[in-house]
Novice: 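This structure is in structure tokens; I'll ask about it shortly.
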2 protein chains.
Amino acid sequence: MAKRANVADDELDARKATILEAVVTEHIDTAQPVGSSSVLQSADLGVSPATVRAEMVALEREGYLVQPHTSAGRVPTDKGYRYFVDHLEAGVVGPAEQEQIKDFFKRVRGEVEDVLEQTSTLLSQLTSYTSVVVNSAHAHATILSAQLVNLDARHHLLVTVFSDGTVIKHSVKASFDASHLEVAEASKQLNALLLGTTLESRVQVPSRTDHVAKLVRESVSVLRAEQPAGEDEQVFIGGSSRVAESFDGVETVRQVLSILEQELLVVSLVEDILDRGLSVAIGSEHGYEPLSSCAVIVAPVAIDGESIGVVGLLGPTRMKYPEALAAARAVSHHLVRHFGGEVEGE
Amino acid sequence: MAKRANVADDELDARKATILEAVVTEHIDTAQPVGSSSVLQSADLGVSPATVRAEMVALEREGYLVQPHTSAGRVPTDKGYRYFVDHLEAGVVGPAEQEQIKDFFKRVRGEVEDVLEQTSTLLSQLTSYTSVVVNSAHAHATILSAQLVNLDARHHLLVTVFSDGTVIKHSVKASFDASHLEVAEASKQLNALLLGTTLESRVQVPSRTDHVAKLVRESVSVLRAEQPAGEDEQVFIGGSSRVAESFDGVETVRQVLSILEQELLVVSLVEDILDRGLSVAIGSEHGYEPLSSCAVIVAPVAIDGESIGVVGLLGPTRMKYPEALAAARAVSHHLVRHFGGEVEGE
DNA sequence: GATTAGCACTCGGTAGAATTGAGTGCCAAT
DNA sequence: ATTGGCACTCAATTCTACCGAGTGCTAATC
């Protein structure tokens, strides 16, 4: 609740900070502009409203607050929120939520994808915001198995299993009819060829021109084609209906939803925030104008310093930062335990 | 545009039908209650407003129309819409859309899942409604390959390839440490055991108690566990942001979105409509109250009488039925060609 | 010099009254 | 059976008044 003054270029004196904090908290709570008197109710500075007003004028001049119109209270700007979150003491998740999370991870079963999908729903329920869970690229995962299965004479399926448990399939179309035997042989060679390699490593493909070699070559090239776009991340979005609660303008809702539909965009948004070393991006801080009334919280999911994914939350700029941050972190933490524990220990 | 009178228990005389049709069309267009005069503008019966009013009173008594309040025009009831769609001549998709669809299917590449995902987006763009594409259960698909890959000593991955190109993975956890050789042997046995069977057929599992047999048994049982819930359908939802355009109440939007989040529910909704032999379900016709202001259009995707999926559209009850129906059917048709052609011919 | 009490002022929001007008229902005439 | 005519209804719109939360300013105070 109190804020620590770490030395930075622009730092507010204690009273201004308290006032700003009060305005932010109050506005998050009520969605209404906050006046000098309500500030005094929540934060007991031994001061008169007039003084608070003077301070608020200053805060407005410095860009932390705005007035929707003359004779209204103040509303935080993005900068105001930013100051607020930067000076936030680490929040904690309530005991009930704590319990819910534990319970969830105790009960949850099934494949990674299912777990993440459900995790996303959990996070959304915990916070009542829309949640995003990204399963990061497995670029460094090694190939445990590569198998070519033929569907019919010319259509085959390359099924690749990675060390992180991912399974990927690729259609391989041949320009000739291959016999079962040829496909089986190609499958065997592929497996030998790719075993232990990653998508990044170079492999020596046979240059012969027989059917088997052709199949092998075609398969490898299809597999390689994976790389370019950030296509290999999986995204799970939970509670998109929360968008309708978080924003009032129908048009805003539409825009936000429409962005959530583009998974690639969501991934890059979230990873961009992480890359910039942030845990929250407020309003215009992420580059997407349609999201200018949104805040995005991210928490990396990393095992041994290796990022395996991201969990995120998307809400209005006036979202409940302490709780949401805490929830995201807690869930991220449990994910690490869940998967870290599963792969190494147990 | 004109409606055919097929003999049914309740059938309207020509004039009532024309009036009803005019009201529906007009209201779909304007979202406003329709009065007697606007009816006369769009449908030129050689009659005075008073007569139309009298007819509308009758239509209201029979449950096809309602007045939002005295002294307002009429709005169609679900029954009104129902009559409208039942007497609809098959619509056609515009040439531009026709082109767009053709173009799409010419360009589209990649795995079934990707194609369906994109198809869903296409359909949504074509109609400006939210679209649903369901990839039906592959219960009868035979197993082409089953392979056990070990991740570590106790964790294995059962990768099953079906004749329809589906690949499914299952985690198999053992209570003992298995050697690579044992896993490889189990994999070989599994493949032999399951090859050519379906998820429904019974197989003879070994009753021995050695590691290999245990692995095989465990794997088979994990695979069998698939069956119960309708879990094995895949759902692709496109243009969920359209929901925000289609309904005005924020609460309605939230409810609809919240239903779309539950994929299982969407599947059963859509399949239920199909099972009842309908192509449109209006308002209360499908059992879900939260969707009472929605209409759902469905079109089966079937190859040789065998259903391989469903495409659907979800919009407000006052949706553009002719266009939407036509679009859904056209897309379904192209899907059949696309996959039918790919698997059998070519 | 900072603080504050006091006060005039602004302006969104609400409430009520008046008005409008689209659309009805009914009835007597055709 | 149809229709012109007419009185009536009621949501929506506009206008007015006004309230009150909240401000900014200034002159007095600590």
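In this text the structure is predicted, and so the values were computed from the model without any measurement. Just so we're on the same page: letters track the sequence lines, and every chain starts at 1.
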Novice: With a 3.5 Å cut-off and no angle check, do the side chains of B:S241 and A:E261 form a donor-acceptor pair?
Specialist: yes
Novice: Can you see if the side chain of A:S36 gets near the phosphate of D:dG22 - specifically, an N or O under 4.0 Å from OP1 or OP2?
Specialist: no
Novice: Figure out the CE/P separation between A:M56 and D:dG22, and round it to whole Å.
Specialist: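 These atoms are roughly 9 Å apart.
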Novice: I'd like to know whether B:L269 forms a side chain to side chain contact (heavy atoms under 4.5 Å, CB included) with B:L291, so could you lay out the CA-CA distance, the side-chain angles of the two residues, the decisive distance to 0.1 Å, and finally the verdict.
Specialist: CA-CA 11 Å; B:L269 165 69; B:L291 294 185; 3.8 Å; yes
Novice: Need two values: the first and the last nucleotide of DNA chain C, 5' to 3', having an atom under 4.0 Å from any heavy-atom of chain A.
Specialist: C:dT3 to C:dG12
Novice: How close or far is atom C1' of D:dA21 from atom CG of A:L40, stated in whole angstroms?
Specialist: 15 Å
Novice: Give a yes or no on whether a salt bridge exists between A:D78 and A:R82, defined as a side-chain N under 4.0 angstrom from a carboxylate O.
Specialist: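 No.
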Novice: What's the CG-C1' distance between B:D13 and D:dA1, to the nearest Å?
Specialist: 13 Å
Novice: Given atom CZ of A:R53 and atom C1' of D:dC25, what is their separation to the nearest angstrom?
Specialist: 10 Å
Novice: Mind calculating the distance between CD (B:E55) and P (D:dT3) to the nearest angstrom?
Specialist: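 So the CD-P distance, B:E55 to D:dT3, works out to 11 Å.
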Novice: Would you check, one step at a time, whether the test side chain to side chain contact (heavy atoms under 4.5 Å, CB included) holds for B:E11 with B:Y83?
Specialist: CA-CA 9 Å; B:E11 202 49 51; B:Y83 188 93; 2.9 Å; yes
Novice: Tell me whether A:K320 at atom NZ has more than 12 heavy atoms from other residues, nucleotides or ligands lying less than 6.0 Å away.
Specialist: no
Novice: For D:dT2 and B:S48 - does any side-chain N or O of the residue sit under 4.0 Å from the phosphate oxygens OP1/OP2?
Specialist: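 Checking D:dT2 against B:S48, no side-chain N or O comes under 4.0 Å of OP1 or OP2.
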Novice: Mapping B:A54 and B:H69 onto DNA chain D by nearest heavy atom, which one lands closer to the 5' end?
Specialist: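 The answer here is B:A54.
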Novice: Is any side-chain N or O of A:R74 closer than 4.0 Å to OP1 or OP2 of D:dA21?
Specialist: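 Indeed not, no polar side-chain atom of A:R74 lies that close.
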Novice: With respect to the phosphate group of D:dC10, does any side-chain polar atom (N or O) of B:Q67 fall under 4.0 Å of OP1 or OP2?
Specialist: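 Looking at the OP1 and OP2 atoms of D:dC10, neither is under 4.0 Å from any side-chain N or O of B:Q67.
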Novice: Taking salt bridge (Lys or Arg N to Asp or Glu O under 4.0 Å) as the definition, give me every residue that meets it alongside B:D44, ordered by chain and number, with sequence neighbours left out.
Specialist: none
